[in-house]
Asks: 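Please read through the structure below; I'll follow up with questions.
Since this is a predicted model, take the numbers as computed values, not measurements. Note on naming: letters A, B, ... go to the chains in the order of the sequence lines (proteins, then strands), and numbering restarts at 1 for each one.
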Amino acid sequence: MDEKYFAKKIEAKWQKKWAESGAFETDIDDAKPKFYQLEMLPYPSGNLHMGHVRNYSVGDASAWYKRLKGFNVLHPIGWDSFGQPAEDAAIKRGANPRDWTEENIKAMRGQLERLGLSYDWTRQMAAHRPEYYKFDQWFFLKMYEMGLAYKKMTQVNWCEFDQATLSNEQASGGICWRCGSAVTKKNLEQWFFKTTAYTDQLLDDMAEIEAGWPANVLKRQRDWIGRSEGAFVEFQISNSKFQISDSKENKSTESIRVFTTRIETIFGVNAVVVAAEHPIIQAHLGDLSPEVIAKIKEIKIEKLKPADREVEIEKDGVDTALKAVNPFSGEELPVWIGNYVMMEYGTGAVMSVPAHDERDFEFAKKFGLPIKQVIEPQRRGDAESEPPGVAGGLTAAFSDYGMLINSGDWSGKTYADAKIEMSEFAKAKGFGETATTYRLRDWGVSRQRFWGSPIPIIYCKSCGVIPEKYENLPVRLPDMAPFTGTGESPLAKVAEFYETVCPNCNEAAKRETDTMDTFVDSSWYYFRYLDPQNTELPFSPDAAAYWSPVDQYIGGDDHAVMHLIYTRFWTKVMRDIGLVKFNEPIKRLLAQGMVVGETFYDDESGKRVYYPASNVTVERDAKGKVIGARSTDGISLKWAIERMSKSKGNGVDPDEMIDIYGADAARLFILFAAPIENELVWNESGIEGSVRFLQRVWRSVWKWKERIQSSKSEVQSEETTLEIRKLRQKTHQTIQRITESLEDLQFNTPVAALMELSNEIGDFKIEPDQATTAEAFAVSEALLSLVIMLAPFAPHTAEELFSEFAGNSDGILANGARFPEFDPELIKSDEIEIPVQVNGKLRSRVMASPDAGSDLLQELALNDEKIKEYTGGKEIVKVVVVPNRLVSIVVKG
RNA sequence: GCCGGAGUGGCGAAAUUGGUAUACGCACUAGACUCAAAAUCUAGCGGGCUUAACGCCCAUGUCGGUUCGAUUCCGACCUCCGGCACCA
């Protein structure tokens with residue numbers, strides 16, 4: 001060991017040692033409990049960013065901690081390696097997507113290794129490799145058999161000029177992002193996974209994970225699924241002009257079905273409002289007036305425009321001249337088309353109750369439709385619950401609950417009773433039923449892309465849609481395809497790929513040329529780690545039974561909805577296939593905050609400029625709010641906090657960090673700087689503090705190591721001093737604090753605790769060569785505990801220092817070292833300081849034994865000289881004594 | 001608009017079931033060492049008033065409440081951040 005701390009030297013050394021000895025390769029010791037520590041896998045862009053460093057530093061700390069606590073730890077990593085950037089590189093530079101991806105993986109693996117992360121690299125997976133995507137296809141076939149994968153026509157954005165499908169983003173504003181021509185909708189056959197088959201399970205099983213998942217993630221998933229309890233009600237079309245003429249039996253079979261959550265307001269309906277795409281409108285296009293047709297077109301075009309969330313869209317619509325009958329009141333109502341009704345939700349038709357729904361109110365006001373109040377507050381005369389402007393007619397919708405009025409037989413009932421009774425009535429009469437609708441849709445998985453798992457389906461002229469046989473998997477991607485960038489699947493141009501024979505009749509047939517959404521890969525990747533070499537199954541049920549579910553999952557909260565819903569869905573499918581035996585794959589989830597950087601813009605040009613933070617002074621107003629910035633060379637700048645990235649010029653390259661400060665310092669700092677769920681504003685100068693801390697620990701060990709070694713042969717003595725007790729107390733308190741924090745997934749406070757212990761060791765003023773055996777032991781205990789507890793945060797430094805104590809360089813884990821345990825006896829003090837308050841204000845402190853009872857503490861407090869000054873000549877009203885905590889005296893006069 | 005979350009020094013942040021507010025770090029100031037600088041070490045570091053020993057007052061977004069005692073609990077308000085959004 002060198003007297004000076006050289007991060008580079010020891011980091012390279014230990015990384016090599018770990019790799020050679022397979023230190024982090026997973027093995028199963030039956031005597032130990034298991035722990036599956038998982039972090040979200042990266043996309044191999046070629047560059048690690050600070051968000052990754054944060055994510056993986058936390059995961060690594062957790063994995064190290066659990067190993068030191070005596071768990072069999074599985075801590076794997078892999079690559080989400082299918083996706084658009086590889087294809088873009090192919091389009092732009094003619095790169096081969098596979099080579100491009102493999103090179104990036106190689107580069108990023110190097111970066112991860114330089115961080116010294118304790119992964120079991122033998123279990124690595126990569127989505128783009130056939131041995132992995134084979135099982136995407138395997139799952140697809142299973143789901144097809146189970147009726148969970150199906151094909152249907154849907155509308156996609158289509159550019160006629162480019163002959164290309166466009167994503168919603170690419171079709172923004174109704175204009176093709178590439179050529180500028182108008183976007184049309186095109187019907188395209190797409191494959192779907194039936195996520196909606198598991199909607200209720202996805203909601204109800206949240207109860208199983210409630211304790212371990214952040215509340216806001218569950219809430220967002222709940223909102224996304226959007227369960228809504230209500231009823232369907234049929235409104236018959238009544239005017240003969242629009243009856244379907246070719247209906248032989250009954251001319252009035254046509255009806256509009258609406259979905260409502262407020263059936264009890266049905267006597268207040270003034271119109272049925274439908275979406276412009278509603279089938280009834282399509283069916284009667286020929287019967288509608290030219291004005292109505294024009295309006296429909298207008299509304300449809302408006303809908304294509306990009307949604308601006310800040311601006312509320314003005315209500316628009318038109319009376320179709322159709323009439324429908326309110327089945328409760330018998331009233332004949334107009335049927336309107338409204339731009340605020342969405343075809344995608346419910347039935348694409350609503351009953352408009354302006355008195356009790358804000359949107360309907362706005363619509364009625366604009367078009368002068370009648371507004372009839374049918375609900376009044378339950379508590380009359382209570383100003384707060386009164387509807388707005390009730391005396392002279394409503395001035396706004398009254399959407400609270402209350403009693404029914406103007407509602408025929410139901411007048412006078414409470415909304416809750418009426419809701420139930422009216423639903424039952426509708427069902428009995430055959431014009432309605434209770435219903436639950438959801439916002440969640442089936443998962444469209446077809447992508448017209450090259451760089452994804454091919455969908456294992458064959459189209460045969462005589463047999464139709466035929467799944468590929470299991471023994472023919474994987475359906476391999478060709479090496480290359482003509483990339484036109486038009487959005488049409490490149491595989492459709494590779495005859496060697498799509499030309500095949502029908503597994504059924506052996507006639508010539510054509511393969512599906514779309515590939516799967518990359519979210520498919522990330523839905524089950526962490527089960528592949530459990531059994532990465534399996535060629536028959538995605539993983540064996542036995543391996544899954546031992547390691548899964550995941551004990552701890554860590555990743556960015558941008559995946560709170562999509563990825564984490566898909567993977568929950570996938571687990572339920574795997575359970576139904578028989579691969580796993582549980583409902584929920586992830587016990588505990590930690591959503592880590594983003595790493596952001598300060599970004600500066602030139603005030604005049606508005607252009608982004610790069611300045612190191614040290615060359616910029618940030619200007620704040622009196623309240624401390626940032627109002628601007630100025631560079632040292634006098635240029636006025638605009639200041640912003642933005643997600644770190646190279647293109648924004650606020651990015652920090654992890655390699656550069658490691659090069660300057662070392663991986664340990666970078667990791668330590670990123671954990672120390674802020675609670676893990678907070679956003680972290682990267683700040684360069686803070687990391688130097690971490691380096692200083694590591695150097696101080698290093699020097700302490702260096703200073704004491706010889707004395708500690710020599711003390712090992714000395715006879716232990718019972719002799720003790722105040723200094724020794726103080727140091728040992730701090731040591732054991734620190735062990736307790738760090739253990740509790742890590743169990744609670746806090747990573748910033750343990751680092752602070754390590755620093756405090758290090759400071760305490762520094763304050764131990766005895767020189768090593770004069771230290772007694774007992775003193776040397778106390779220091780040894782403190783330093784050894786410090787070093788082992790440092791391992792989750794700064795493993796290289798910890799390993800190097802530990803080998804000084806161990807006398808060999810096998811490493812912490814190989815030596816069987818364990819996270820230290822604290823001794824509660826040693827945490828206790830002989831004497832503690834008890835604050836004394838008079839009338840709620842701190843006036844003095846008295847020293848007492850921690851075992852001192854209330855009477856003794858009261859006596860000590862009342863006899864304290866300073867306290868006497870405050871109590872003298874006054875009446876003592878009350879004395880509150882909290883043993884071990886404080887004494888509070890109340891006086892009068 | 002609806003639903004969450006958060007406001008503590010110059011900055012990132014601590015604070016157990018309500019019990020000594022500001023731990024730890026950054027930045028800053030002064031001193032020691034040095035020919036000098038860096039590094040390191042020592043001391044100081046919420047605001048104010050007296051002082052220069054002690055001490056006192058005010059401070060956890062604002063206002064109020066409960067309590068011997070509130071950053072913590074309750075009510076109202078302000079500000080910021082995040083999610084969702086014509087979801088019937």
Asks: Starting the side chain at C-beta, find the nucleotide from B:A15, B:C86, B:A13 nearest to A:Q746.
Replies: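 Nearest to the side chain of A:Q746 among the choices is B:A15.
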Asks: Determine the Euclidean distance between corresponding C1' atoms of B:U71 and B:U20; express it in Å to zero decimal places.
Replies: 14 Å
Asks: Which pairs, protein N/O on one side and nucleotides 58-64 of chain B N/O on the other, fall under 3.5 Å?
Replies:
from  : atom 1 : to     : atom 2 : distance (Å)
B:C58 : OP2    : A:K841 : NZ     : 3.0

Asks: Nearest of B:C57, B:A88, B:G4 to any side-chain atom of A:N216?
Replies: B:G4
Asks: Would you list the pairs meeting salt bridge (charged side-chain N to carboxylate O under 4.0 Å, His left out) in which at least one residue belongs to residues 730-758 of chain A, sequence neighbours left out?
Replies: A:K66-A:E743, A:K730-A:E756, A:R737-A:E756
Asks: Please measure how far the P atom in B:C63 lies from the corresponding atom in B:U8, and state the result in whole Å.
Replies: 16 Å
Asks: Expressed as a whole number of Å, how far does the C1' atom of B:A59 sit from that of B:C49?
Replies: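 These two C1' atoms come out 15 Å apart once rounded.
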Asks: Within the structure, does a side-chain N or O atom of A:Y870 lie under 4.0 Å from either OP1 or OP2 of B:C56?
Replies: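 Answer yes for this pair, as a side-chain N or O of A:Y870 is under 4.0 Å from OP1 or OP2.
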Asks: So, under a plain 3.5 Å distance rule, would you say the side chain of A:E833 forms a donor-acceptor pair with the base of B:U20?
Replies: yes
Asks: From the set B:G55, B:C87, B:U40, return the single nucleotide nearest to any side-chain atom of A:Q695.
Replies: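 When the side chain of A:Q695 is considered, B:U40 is the closest of B:G55, B:C87, B:U40.
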Asks: Please classify the nucleic acid contact of A:F747 as base, sugar-phosphate, or nothing, using heavy-atom distances under 4.0 Å.
Replies: nothing
Asks: If a pair means Watson-Crick or G-U wobble with both distances below 3.5 Å, what does RNA chain B look like in dot-bracket form, with | marking bases paired to a different strand?
Replies: (((((((..(((......[....))).(((((.......))))).((((.....))))..(((((..]....))))))))))))....
Asks: With a cut-off of 3.5 Å and sequence neighbours excluded, list every side-chain donor-acceptor pair involving residues 842-852 of chain A.
Replies:
from   : atom 1 : to     : atom 2 : distance (Å)
A:R843 : NH1    : A:Y870 : OH     : 3.4
A:S844 : OG     : A:D864 : OD2    : 2.8
A:S849 : OG     : A:D851 : N      : 2.9

Asks: Is A:K315 positioned over the aromatic face of A:F363, cation under 6.0 angstrom from the ring centre and no more than 45 degrees off axis?
Replies: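 Verdict for A:F363: no cation-pi partner in A:K315.
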Asks: Does the side chain of A:Y566 pick up a donor-acceptor pair with the side chain of A:T195 at under 3.5 Å?
Replies: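 No.
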Asks: Which is more 5' along RNA chain B, the nucleotide nearest A:S888 or the one nearest A:D357? Just name the residue.
Replies: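 Its nucleotide being nearer the 5' end, the pick is A:S888.
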Asks: Taking the six-membered ring of A:F232 (Phe, Tyr or Trp), confirm whether the NZ or CZ of A:R257 is under 6.0 Å from its centre and within 45° of its axis.
Replies: yes
Asks: Does the distance from a Lys or Arg side-chain N to an Asp or Glu carboxylate O, for A:E298 and A:K295, drop under 4.0 Å?
Replies: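 Salt bridge flag = yes for A:K295 with A:E298.
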Asks: Just one of A:V53, A:L590, A:L745 clears the side chain to side chain contact (heavy atoms under 4.5 Å, CB included) bar with A:V58, so which one?
Replies: A:L590
Asks: Identify which nucleotide among B:A14, B:G12, B:A88 has an atom closest to any side-chain atom of A:A673, counting heavy atoms from C-beta outward.
Replies: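 Taking heavy atoms from C-beta onward, the closest nucleotide is B:G12.
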Asks: Any base atoms under 4.0 Å from A:R222, or only sugar-phosphate, or nothing? Heavy atoms, all strands.
Replies: nothing
Asks: Among B:A15, B:U40, B:A13, find the nucleotide with the atom closest to the side chain of A:P675.
Replies: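 Shortest atom-to-atom distance from the side chain points to B:A13.
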Asks: Can you name the nearest heavy-atom pair linking A:V335 to A:A324, along with the distance?
Replies: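 A:V335 and A:A324 have their closest heavy atoms at CG2-CB, 3.8 Å.
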Asks: Under the rule for salt bridge (charged side-chain N to carboxylate O under 4.0 Å, His left out), what residues qualify as partners of A:K366, not counting sequence neighbours?
Replies: A:E314
Asks: Tell me whether the side-chain N/O atoms of A:R439 come closer than 4.0 Å to OP1 or OP2 in B:A85.
Replies: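 Affirmative; the distance criterion is met.
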Asks: Step through it carefully: locate the ring centre of A:W698, locate the ring centre of A:F693, and say whether they are under 6.0 Å apart.
Replies: no
Asks: Considering only the C1' atoms, how many Å lie between B:C58 and B:G9, rounded to the nearest integer?
Replies: 15 Å
Asks: Distances for protein N/O vs nucleotides 23-32 of chain B N/O pairs under 3.5 angstrom?
Replies:
from  : atom 1 : to     : atom 2 : distance (Å)
B:A23 : O2'    : A:E756 : OE2    : 3.1
B:G25 : OP1    : A:N759 : ND2    : 3.3
B:C26 : OP1    : A:R692 : NE     : 3.1
B:C26 : OP1    : A:R692 : NH2    : 2.7
B:C26 : O2'    : A:S685 : OG     : 2.9
B:A27 : OP2    : A:R692 : NH2    : 3.2

Asks: Since syn is defined as within 90° of 0, does B:G48 count as syn or as anti?
Replies: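 It is anti.
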Asks: Please classify the nucleic acid contact of A:V890 as base, sugar-phosphate, or nothing, using heavy-atom distances under 4.0 Å.
Replies: sugar-phosphate
Asks: Mind checking A:R359 for me? I need base, sugar-phosphate or nothing, with any heavy atom below 4.0 Å counting as a touch.
Replies: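 Base contact.
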Asks: Would you indicate what A:D557 reaches in the nucleic acid, counting non-hydrogen atoms under 4.0 angstrom: base, sugar-phosphate, or nothing?
Replies: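 A:D557: no heavy atom of the nucleic acid under 4.0 Å.
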Asks: Would you mind telling me which residue lines up with the more 5' stretch of RNA chain B, A:R843 or A:N839, judged by nearest nucleotide?
Replies: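 That would be A:R843.
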Asks: Does the side chain of A:S690 pick up a donor-acceptor pair with the side chain of A:Y661 at under 3.5 Å?
Replies: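 Note: A:S690 and A:Y661 side chains miss the donor-acceptor criterion.
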